[in-house]
Chemist: 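Dropping a structure here in structure tokens format, bear with me for questions.
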Amino acid sequence: MQKNPYIEISIASPQYAWLRLNGKVVFEENKEIKEACMNNPIIKSQYKTADNPIFKVFYLENPHGTIADFSGKEPYVF
């Protein structure tokens with residue numbers, strides 16, 4: 001993601017509904033935001049502190065996405 005920051009993520013439910021999300025990754029170095037992430041016990045157990053050099057926080061700039069399923073309804077595009 002550091003070499004090519006344009007990504008797409010796709011997830012699906014057991015009922016075959018899916019979300020596709022794409023955009024440009026922007027890494028967030030704000031210490032307060034990284035500290036807030038440590039309130040999640042799963043993140044805290046893996047990375048221990050916000051200063052851990054392998055702990056990275058990012059967001060998608062100008063994200064686009066689609067939510068769809070096989071119901072025949074039009075997908076929701078945003």
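The structure presented is a predicted model; accordingly, all values stated were derived computationally and were not measured. Side-chain atoms are counted along with the backbone in the values below, which use heavy atoms only and exclude waters and symmetry mates.
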Chemist: Counting distance only, does the side-chain N/O of Glu28 pair as donor-acceptor with the main-chain N or O of Asn30 below 3.5 Å?
Modeler: yes

Chemist: Can you tell me if Tyr16 has over 12 outside heavy atoms packed within less than 6.0 Å of its OH?
Modeler: no

Chemist: Taking ring-ring contact (aromatic ring centres under 6.0 Å, His included) as the test, write out the residues that go with Phe58, two or more places apart.
Modeler: none

Chemist: Count the heavy atoms belonging to other residues, nucleotides or ligands that lie under 6.0 Å from CZ of Phe27, then report whether that count exceeds 12.
Modeler: yes

Chemist: Could you tell me which non-hydrogen atom of Trp18 sits nearest to which non-hydrogen atom of Asp69, and how far apart they are?
Modeler: CZ3-CA, 3.6 Å

Chemist: For the residue pair Phe55 and Cys37, what are the closest heavy atoms and their distance?
Modeler: CZ-CB, 3.7 Å

Chemist: Could you state whether Met38 and Ile33 fall into the same hydrophobic cluster, counting links through intermediate Ile, Leu, Val, Met, Phe, Trp or Tyr residues with side-chain heavy atoms under 4.5 angstrom apart?
Modeler: yes

Chemist: Do Tyr47 and Ile54 come within less than 4.5 Å of each other through their side chains, counting heavy atoms only?
Modeler: yes

Chemist: Could you tell me whether Lys34 and Asp51 have a side-chain N and a carboxylate O separated by less than 4.0 Å?
Modeler: no

Chemist: Do Val57 and Ile42 belong together in a cluster built from hydrophobic side chains that touch within less than 4.5 Å?
Modeler: no

Chemist: Are Ile9 and Met1 grouped together when hydrophobic residues (ILVMFWY) are joined by side-chain heavy atoms under 4.5 angstrom apart?
Modeler: yes

Chemist: Under 4.0 Å between a side-chain nitrogen and a carboxylate oxygen: does that hold for Arg20 and Glu8?
Modeler: yes

Chemist: Do Val77 and Ile11 belong together in a cluster built from hydrophobic side chains that touch within less than 4.5 Å?
Modeler: no

Chemist: Is it the case that one hydrophobic cluster holds both Leu19 and Ile7, taking links as side-chain heavy atoms less than 4.5 Å apart, direct or via other members?
Modeler: yes

